[in-house]
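Only one structure is covered here, and it is reproduced in the block below.
Quick note on labels: first sequence line is chain A, next is B, and so on, each numbered from 1.
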2 protein chains.
Amino acid sequence: MGPAVEGRAVDKVAQRRSELATAALETLAELGYARTGLRDIAARSEYSHGVLHYYFRDKVELITHCVREYKARCATRYDEAVATATTAEELVAGFLREQTATLTGEPQMHRLWYDLRNQSMFEPAFRADVAEIDLLLERMVGRVVSRYAELSGARPRVPPTVFYAVLDGLFQQALLRQLAGDPEAASSLREAVQEVLPRLVH
Amino acid sequence: MGPAVEGRAVDKVAQRRSELATAALETLAELGYARTGLRDIAARSEYSHGVLHYYFRDKVELITHCVREYKARCATRYDEAVATATTAEELVAGFLREQTATLTGEPQMHRLWYDLRNQSMFEPAFRADVAEIDLLLERMVGRVVSRYAELSGARPRVPPTVFYAVLDGLFQQALLRQLAGDPEAASSLREAVQEVLPRLVH
DNA sequence: GACTTTCCTGGACAGTCGTCAAGACAGGGT
DNA sequence: ACCCTGTCTTGACGACTGTCCAGGAAAGTC
């Protein structure tokens, strides 16, 4: 077993892990943490339930790996809008478009994020990863806000942490309404963001 | 079995239900929804696990009853501060005192609320009750804000729903930090509220 | 070809889950 | 004395849980 082969083997293993983590993410998003078993996850993949303990030590390690995969998707969501916008209005429009799209397009994935973040309030094993993602999301919001301030020639009036908490609260409320079937959830969110944002940076 | 006796019997039943619901609330707050079984709940009460199906049809009905009990505690939390404050600063001080007290004093109860609210994103059976409590909390925040505006001779700049979402986002972030052991969680929350509030009502 | 290593399956394990029903026990009514 | 009714306990049920393991399948090495 040479180093080159080992390198390829490691990649292969990493790929399987990622493959299984994706199946786990889909299952968790559909059923929620409390109702998801390892057999449900395996059923969604093309393998049997035993393989999960071949690639992951624990259920905790599996879910932790899932959460790490999840962060890669979220952290760059608004980066394009930040990069391409040339005016403040354009940036807000791009931000709202993207936010609305995720709210109506993949609400399951986001209720999973909130579910796992809540689990970390009970299960210390999740806290480190959740905190890491939370920081990533906070920085993402921070980039949007600071660029918005730059384009509109103003200054953020509250720290990035507060911005993140405020926008997260608004999004979570909208998500709850969206999943309850409220057709105006998205438009209410847009309106709220447009009202709040200029008052916190001007 | 006359009506008078029946009336007393109904009270007795209601009292037992309440008693068991209290034990359930304590257990849920400690373990979280995903890890709480009916036997855990019964162990915390002075009865055995079979009695739960004597007073409640389902696990769902039990937890629903819990949530209904929970709301009675929360909805009046800030009412005294609203009633006694004579200046805007006094009202904010009272609000922050109460908010800090609940954050550091009973964080378990609040992570349970967020847990159950998240469960309602997956389990439609919880949605109606969760929505009801959410409305109650929103109105409570609305009372604080409108009184604050009145005392400071200003106007709320965003609707009550937005206020609730914003303050809830800030509180949830603080709760996450509090439970992770951050000693500055409470003071950060106070600071954030004092920064945000005047910018949304002036 | 045989042999070794890696990968994956399927079943078994010890628990726990929600649910239910049979019986014990108490108290009042007749 | 008896039964009746409301309470509560206890044990059991099938289904499900995370975990582990014996062994088959497949792939790679000599």
Quick one: list whatever passes side chain to side chain donor-acceptor pair (under 3.5 Å) with A/Gln108, sequence neighbours left out. none
Taking atom C1' of D/dC8 as reference, at what distance in whole Å does atom NZ of B/Lys12 sit? 13 Å
Those residues of residues 41-57 of chain B lying under 4.0 Å from DNA chain D by at least one heavy atom: B/Glu46, B/Tyr47, B/Ser48, B/His49, B/Gly50, B/Val51, B/Tyr54, B/Tyr55
Taking CD from B/Glu19 and C1' from D/dT7, how many angstroms apart are they, rounded to a whole number? 13 Å
Suppose we screen for side chain to side chain contact (heavy atoms under 4.5 Å, CB included). Which residues come up paired with A/Tyr148, at least two apart in sequence or across chains? A/Ala88, A/Leu91, A/Val92, A/Ser152, A/Leu197, A/Pro198, A/Val201
Which residue pairs pass the ring pair (Phe, Tyr, Trp, His ring centres under 6.0 Å) test with at least one member in residues 167-202 of chain B, sequence neighbours excluded? B/His110-B/Phe171
What integer distance in Å separates B/Lys59:NZ from D/dC16:P? 15 Å
Separation of C/dA12 P from A/Leu38 CG (nearest whole Å): 19 Å
Rounded to the Å, how far apart are B/Asp58 CG and C/dC17 C1'? 14 Å
Residues that B/Arg177 engages under side chain to side chain contact (heavy atoms under 4.5 Å, CB included), provided they are two or more places apart: A/Glu138, A/Thr161, B/Gln173, B/Asp182, B/Ala185, B/Ser188
Just the rounded figure in Å: distance from P of C/dT19 to CD of B/Glu61. 11 Å
Could you work out, with side chain to side chain donor-acceptor pair (under 3.5 Å) as the rule, every residue matching A/Arg16, not counting sequence neighbours? A/Glu19, A/Tyr47
Less than 4.0 angstrom between a side-chain N/O of B/Arg16 and OP1 or OP2 of D/dG6, yes or no? no
Can you find a donor-acceptor pair, distance only, under 3.5 Å between A/Arg39 side chain and C/dT9 base? no
Quiz item: cation-pi between B/Lys59 and B/Tyr33, 6.0 Å / 45°: yes
Whole angstrom is fine here: how far is it from CG in A/Asp40 over to C1' in D/dA15? 13 Å
